[in-house]
Peer 1: 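Let me give you the structure first, and then I'll get to my questions.
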Amino acid sequence: MRARTTTLLVLMLFSAAACTSSDDGADDVSDEGAAALAGELASALTARQVEGVPGADQEALERILPDLAATVTAGGVETEDDTATATLSWEWETPGEAWRYDTQAELTREGETWRVVWDASLVEPSLTADERLRVDTLDARRGDIVGAGDRPIVTDRSVVRFGIDRTRVRPARAVASARALAALLDVAAAPYAARVEKAGEKAFVEAIVLRADDARQVDGARLRRIKGAVGIGTEMPLAPTREFAAPLLGRVGPATAEIVEESDGAVEAGDVVGLSGLQARYEERLAGQDGIRVQAAGGTEDRVLFTADEQNGEPLRTTLDVRLQTQAEQALSATGPASALVALRPSTGDIVAAASGPGSGGLNTATFGQYAPGSTFKVVSALALLRAGVGPGDPVPCTPSVTVDGKRFTNYDDYPASALGRIPLRSAVANSCNTALISQSDRLTGKDLAAAAAALGVGVDHDVGFPAFFGTVPAPGSETGKAAALIGQGTVQASPLAMAAVAASVVEGRAVLPRLLPDVDVERVDPSQPLTGAEAGALRAMMRAVVTEGSASFLADVPGAPVGAKTGTAEYGTGTPLPTHTWLIAHQGDLAVAVFVETGRSGSQTSGPILERFLRAAR
């Protein structure tokens, strides 16, 4: 997709072959001279420098062929007395079917010297002396990114391009105008003024592009008082809001110098391309193919000589639900630290929301964040213990602390004293007792925990067509490391996407692979020890107990189907006390959700209100 009209650039190559005849079939010196001139003309045209070729007109050539090139062969030279003709076969490399035609170059002999009879028609057979070739780009429409139900997400929306039009301001005033416009639009004045100063006298130097609604907030009276300042209405591919799934979808804009350089000529400066996210990864599909229109310009009226129609880009289908994505972003809107909310459909794996909060600073925390999952990982640990023979009702010791190889582990600060002692595994998970799970670590190997994680969709990498981190569950190198892994710390890492998949897998009774792009083929890697129906049922009961008797009791009155959940915190960094990541995963009906906040107090207090707001709004 191009942002302007350009001139077609195609490699011009010329070769010449002579074909002469006479009654007796013998070549003569005259024939050879005409053929030699045809070859000389071809070489000169290839270099766009015909000066020195007898009879050729350099000035006329430059006027007819501004930056125009083609593959041309010269042949079929026929002589008669002091005249000759050479057939020029032209083939233009165009976006679609090649444009081919023949022209005739006339030659005359003066004594022993052959000359070209210069005429515009030797470039294109219908050209007159007043005409030149002009090639315009036919912009392909960029394909939309659509969501669930093929509802448009990224599509052409009205914008205003604000900038300085150098043709409307005297050179001496251009920099002052640039600084005034920068102040009006709240953009960095010094670099913008420098760009305006360096630009040509006919350039439009863009300062910022604003959505139509935002553009209406610009003070029009102040804008009009700035010499050369203009606002140009146009359209650009945009999501419903600036924030809508922005780190995942990416953005579109003028190609950077790096993109132009790496494209090997496919992208030119000024082309509008995908710069990040899905827009960049699926650029070829979304961009389509520009067309061209070749015209004979400069005569009585312009004449179209050839057209290669543009091929509009194809839409990119996603599973995002516009309503749920919007609600997820609203739920995160007041969160200061980096944060995310991911929601899946367990029945299909469809990602209906993948929101990264404002504190993420444009990074894709939702699907690619890499953090210790804390006690939400106890769903995985519980599965490993079930497989090791510990039933949901079997008692385990929940003590105030436990020491492993000299490392002391405790429960979270507000752990209820009433839930200490020998309690069922179900209650240990419901109340998130660290020491109870760590007490069972000698029943497990590092491989046991990794196998349980894989059965719930964590720690197995897949190429799903978008940036996704499915977590890592490396084999611990010590008993202390194994104890830390059981409570989602140490070397265990996951993304909000991966932990949403854990909740979805518990609901569905199998490892759910998150899906964002339904038309993209994915090679699924199945776990070596799949989740069984009985295991899934036990985990669902434990997650439900987190709501009915444990740390997520605030979700008990959420309308709709019963909610199952697991809260979590994970210490990180340095300081006293250590800062904590806060997590909450949950499922309700055909919806599985993970909420993450990089720094907070606890899963229930920090991430809990975010998830509750989302579930109530998602009904």
Side-chain angles (χ1 to χ4, degrees), residues 340 342 344 346 349 351 354 364-388 429 437-438 440-441 443-516 522-532 535-536 539 542-543 566 568 570 572 581 583-585 587 592-594 596:
V342 176
L344 310 178
I351 300 171
N364 183 7
T365 306
T367 72
F368 205 66
Q370 301 178 27
Y371 303 93
S375 290
T376 56
F377 195 72
K378 287 174 182 171
V379 177
V380 173
S381 301
L383 174 59
L385 291 175
L386 289 174
R387 291 177 170 180
V429 173
L437 271 73
I438 291 173
Q440 306 301 302
S441 64
R443 293 176 175 265
L444 305 173
T445 68
K447 291 182 179 179
D448 293 335
L449 200 59
L456 293 169
V458 177
V460 180
D461 197 20
H462 311 265
D463 183 0
V464 287
F466 64 95
F469 176 65
F470 289 100
T472 55
V473 188
S478 65
E479 289 300 311
T480 301
K482 184 167 54 169
L486 280 165
I487 59 174
Q489 300 240 199
T491 56
V492 173
Q493 287 194 319
S495 66
L497 174 70
M499 296 314 297
V502 168
S505 299
V506 169
V507 173
E508 195 64 12
R510 61 179 177 86
V512 172
L513 180 61
R515 182 177 76 154
L516 178 69
V522 174
E523 291 188 7
R524 179 187 177 94
V525 180
D526 290 320
S528 59
Q529 189 177 350
L531 187 66
T532 68
E535 291 168 345
L539 294 176
M542 291 186 200
M543 291 185 70
K566 185 67 193 81
Y572 75 97
H581 303 319
W583 291 83
L584 182 57
I585 64 174
H587 60 78
V593 186
F596 166 80

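Values reported hereafter were calculated over all heavy atoms of this structure, with side chains retained and with hydrogens, waters and symmetry mates removed. Because the structure is predicted, anything quoted here is derived from the model rather than measured.
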Peer 1: Is there a side-chain contact between Thr491 and Thr472 in this structure, where contact means two heavy atoms from C-beta onward sitting under 4.5 Å apart?
Peer 2: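 No - every pair of side-chain heavy atoms lies 4.5 Å or more apart.
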
Peer 1: Please list, chain by chain and in numerical order, all residues satisfying side-chain contact (heavy atoms from CB on, under 4.5 Å) with Ala483, sequence neighbours excluded.
Peer 2: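 If we apply the side-chain contact (heavy atoms from CB on, under 4.5 Å) test to Ala483, skipping adjacent residues, the hits are Val404, Phe409, Ile438.
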
Peer 1: Ring pair (Phe, Tyr, Trp, His ring centres under 6.0 Å) with His587: which residues, sequence neighbours excluded?
Peer 2: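 Residues passing ring pair (Phe, Tyr, Trp, His ring centres under 6.0 Å) with His587: none at all.
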
Peer 1: Evaluate the side-chain proximity of Thr367 to Leu516: yes if any heavy-atom separation is below 4.5 Å, no if none is.
Peer 2: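 The answer is no, as the side chains (C-beta and beyond) never meet within the 4.5 Å cut-off.
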
Peer 1: Quick one: ring pair (Phe, Tyr, Trp, His ring centres under 6.0 Å) partners of Phe466, sequence neighbours excluded?
Peer 2: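 For Phe466, no residue satisfies ring pair (Phe, Tyr, Trp, His ring centres under 6.0 Å) once neighbours in sequence are set aside.
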
Peer 1: Taking side-chain contact (heavy atoms from CB on, under 4.5 Å) as the test, write out the residues that go with Ala494, two or more places apart.
Peer 2: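 Ala494 satisfies side-chain contact (heavy atoms from CB on, under 4.5 Å) with Pro373, Ala498, Met499 once adjacent residues are dropped.
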
Peer 1: Report the residues that fulfil side-chain contact (heavy atoms from CB on, under 4.5 Å) with Ala453, sequence neighbours left out, ordered by chain and then residue number.
Peer 2: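 side-chain contact (heavy atoms from CB on, under 4.5 Å) check on Ala453 returns Phe377, Val380, Val458, Val473.
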
Peer 1: List the residues meeting side-chain contact (heavy atoms from CB on, under 4.5 Å) with Ala388, not counting sequence neighbours, and say none if there are none.
Peer 2: Arg443, Leu444

Peer 1: What residues, two or more places apart in sequence or in another chain, satisfy side chain to side chain donor-acceptor pair (under 3.5 Å) together with Thr445?
Peer 2: Asp448

Peer 1: Any side chain to side chain donor-acceptor pair (under 3.5 Å) pairs touching residues 377-388, not counting sequence neighbours?
Peer 2: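 Checked against side chain to side chain donor-acceptor pair (under 3.5 Å) - neighbours excluded - the pairs reaching residues 377-388 are Ser375-Lys378, Lys378-Ser432, Lys378-Asn434, Arg387-Glu535.
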
Peer 1: Just to verify, which of Leu386, Leu383, Val379 counts as forming a side-chain contact (heavy atoms from CB on, under 4.5 Å) with Met542?
Peer 2: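 Only one of Leu386, Leu383, Val379 forms a side-chain contact (heavy atoms from CB on, under 4.5 Å) with Met542, namely Leu386.
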
Peer 1: Scan residues 465-494 for pairs that pass salt bridge (Lys or Arg N to Asp or Glu O under 4.0 Å), counting only residues two or more places apart or in two chains.
Peer 2: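 The answer is Glu479-Lys482.
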
Peer 1: Suppose we screen for salt bridge (charged side-chain N to carboxylate O under 4.0 Å, His left out). Which residues come up paired with Asp461, at least two apart in sequence or across chains?
Peer 2: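 Asp461 satisfies salt bridge (charged side-chain N to carboxylate O under 4.0 Å, His left out) with no residue once adjacent residues are dropped.
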
Peer 1: Give a yes or no answer on whether the side chain of Trp583 reaches the backbone of Ala372 with a donor-acceptor pair at less than 3.5 Å.
Peer 2: yes

Peer 1: Considering only residues two or more places apart or on different chains, which pairs with a residue in residues 492-514 satisfy side chain to side chain donor-acceptor pair (under 3.5 Å)?
Peer 2: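 Qualifying pairs, neighbours excluded: none.
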
Peer 1: Just jot down the ring pair (Phe, Tyr, Trp, His ring centres under 6.0 Å) partners of Phe470, sequence neighbours excluded, or say none.
Peer 2: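 Scan of Phe470 (ring pair (Phe, Tyr, Trp, His ring centres under 6.0 Å), adjacent residues dropped) gives His462.
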
